[in-house]
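Indexing begins at 1, ligand by ligand and atom by atom, following the structure's order. Everything numeric in this text was worked out from a predicted model, so none of it was measured.
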Amino acid sequence: MFIKPDYNLKSIYDINLDELKVKGIKALLFDLDSTLMGSRTGCYTEKTLKWLENVKKDFFVGVVSNNNNPLYIEKVTSCTDFPIVFRAHKPDTRVTKEFMKKNGLTPQTTCFVGDRPLTDVLCGKNLGCTTILVDSITADIEKPVVRFVRWLERCSVKKS
Ligand SMILES: [Mg+2]
């Protein structure tokens, strides 16, 4: 099975917000770990926070995470000022669908952004959202074994 995200980018900073606006996108839903912050770090960098502030000027911003560690959830929630849902069980769509409904989002106007083709992109696609695959935000410091697993997973991504 091949997965084809609408956009395949190096990082969140490469997202063309103007283009999304023109396409009618009003909401950006992000995966958390390795997309908005280093895996299990529990905090956004200054650079990411600044970028998100800019995104929030024109888009609804939300986070959908599969993380289910209570302490981690508490830590992230305390430093996040936009809606966030944990234990999402992506690629299953039920939790995300509820989250979208609660926040008045429709698939036609929502773009799903994440670093994992088989969880984030698949979930977004199954919901009918626009999808963006990004490389891990900490790709440059990840261990070879992690990079190898990522490479394997990306064999599922259709190149063009
Ligand atoms: Mg992730």
Is Lys56 atom NZ crowded by more than 12 heavy atoms from other residues, nucleotides or ligands, each under 6.0 Å away? yes

Side-chain donor-acceptor pair under 3.5 Å between Thr109 and Thr106, yes or no? yes

Considering the options Arg150, Arg154, Arg116, which one meets the salt bridge (charged side-chain N to carboxylate O under 4.0 Å, His left out) requirement together with Asp135? Arg154

Who pairs with Arg87 by salt bridge (Lys or Arg N to Asp or Glu O under 4.0 Å), at least two apart in sequence or on another chain? none

Can you name the N, O or S atom of Asp115 that is closest to the Mg ion (ligand 1)? OD1

Name of the Asp33 N, O or S atom nearest the Mg ion (ligand 1)? O

Under 2.8 Å from the Mg ion (ligand 1), can any N, O or S atom of Asp31 be found? yes

